[in-house]
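Excluded from the calculations below are hydrogen atoms, water molecules and symmetry mates; all remaining heavy atoms, backbone and side chain alike, are included. Source: prediction; values computed, not measured.
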Amino acid sequence: MKDLLDNKYGDPKDDYHFFSSPYEEGDGDEITAVKAGKCNYLSAWEKPENNATIVLEISKFQQVEVSYENSINVMLNKQEKEKATSDGL
């Protein structure tokens, strides 16, 4: 998935991946580390032409997550959260 995004959008703006202690890449316990929340994997590409960000992550549920946000959707999300908070009072 990362290779596909690299090919389409170029090098990511942010790119890091490592395992937290006591796990290490290549130790054979990578899946155990992912399940334990000890896998830190994130790559992010910015698309300035539409003020968007694409993020690739690995979750503790052993899922590859791809998310996309742009300034319009960020604003809508903020408004919806504010409304939900005010409606709850």
Side-chain angles (χ1 to χ4, degrees):
M1 180 59 73
K2 183 175 182 303
D3 287 343
L4 291 172
L5 291 167
D6 281 344
N7 288 336
K8 185 166 186 170
Y9 301 111
D11 292 333
K13 176 186 177 277
D14 297 309
D15 189 26
Y16 66 88
H17 47 311
F18 60 91
F19 293 95
S20 298
S21 182
Y23 303 99
E24 296 179 6
E25 187 170 351
D27 66 4
D29 288 326
E30 288 87 354
I31 293 298
T32 303
V34 171
K35 290 179 185 177
K38 300 286 188 170
C39 175
N40 303 284
Y41 188 103
L42 180 129
S43 295
W45 295 262
E46 288 191 352
K47 296 184 63 182
E49 64 274 8
N50 59 357
N51 200 22
T53 302
I54 300 165
V55 178
L56 177 69
E57 296 179 89
I58 297 177
S59 78
K60 68 179 181 179
F61 304 110
Q62 303 168 56
Q63 297 173 334
V64 174
E65 298 176 359
V66 179
S67 59
Y68 174 89
E69 64 181 36
N70 61 25
S71 57
I72 294 170
N73 289 329
V74 168
M75 182 186 66
L76 290 172
N77 184 35
K78 181 180 177 185
Q79 290 172 348
E80 289 171 359
K81 284 182 179 181
E82 289 172 355
K83 182 174 180 351
T85 300
S86 66
D87 289 349
L89 297 177

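In this structure, CG in N70 is found 10.0 Å from NZ in K47, a value given to the nearest 0.5 Å. For the atom pair I58 CD1 and M1 CE, the distance stands at 11.0 Å (nearest 0.5 Å). The distance from the NZ atom of K8 to the CG atom of D3 is 15.0 Å, given to the nearest 0.5 Å.
Between V34 and S59, the shortest heavy-atom contact is CG1-O, 3.3 Å. The minimum heavy-atom distance between F19 and A33, with the atom names listed, is CD2-CB, 3.5 Å. Closest approach of S21 and K38 over heavy atoms only: O-NZ, 3.6 Å. Closest approach of E30 to E25, counting heavy atoms only: OE2-C, 3.6 Å. Nearest approach of D27 to P22, heavy atoms of both residues: OD2-O, 4.3 Å. Closest of all the heavy-atom pairs between D11 and D6 is CA-OD1, 4.5 Å.
Proximity of a side-chain donor or acceptor of N77 to a complementary backbone N or O of N73 within less than 3.5 Å is not detected.
In this structure, L76 is not a member of the same hydrophobic cluster as I54, with clusters built from ILVMFWY side-chain heavy atoms closer than 4.5 Å. One hydrophobic cluster holds both Y16 and V55 under the rule that ILVMFWY side chains link at heavy-atom gaps under 4.5 Å. In this structure, Y9 is a member of the same hydrophobic cluster as V66, with clusters built from ILVMFWY side-chain heavy atoms closer than 4.5 Å. Both Y68 and W45 are members of a single hydrophobic cluster when ILVMFWY side chains are connected at heavy-atom separations under 4.5 Å.
No more than 12 heavy atoms of other residues, nucleotides or ligands shown are found within 6.0 angstrom of NZ on K60. Remark: I72 CD1 is loosely packed, at most 12 non-hydrogen atoms of other residues, nucleotides or ligands lying under 6.0 Å away.
When the options E82, M75, K81 are evaluated for a side chain to side chain contact (heavy atoms under 4.5 Å, CB included) with K78, the one that passes is E82. Only one option out of E57, E65, H17 pairs with Y41 in a side chain to side chain contact (heavy atoms under 4.5 Å, CB included); it is H17.
Taking 4.5 Å as the limit, some side-chain heavy atom of N40 sits within range of a side-chain heavy atom of S20.
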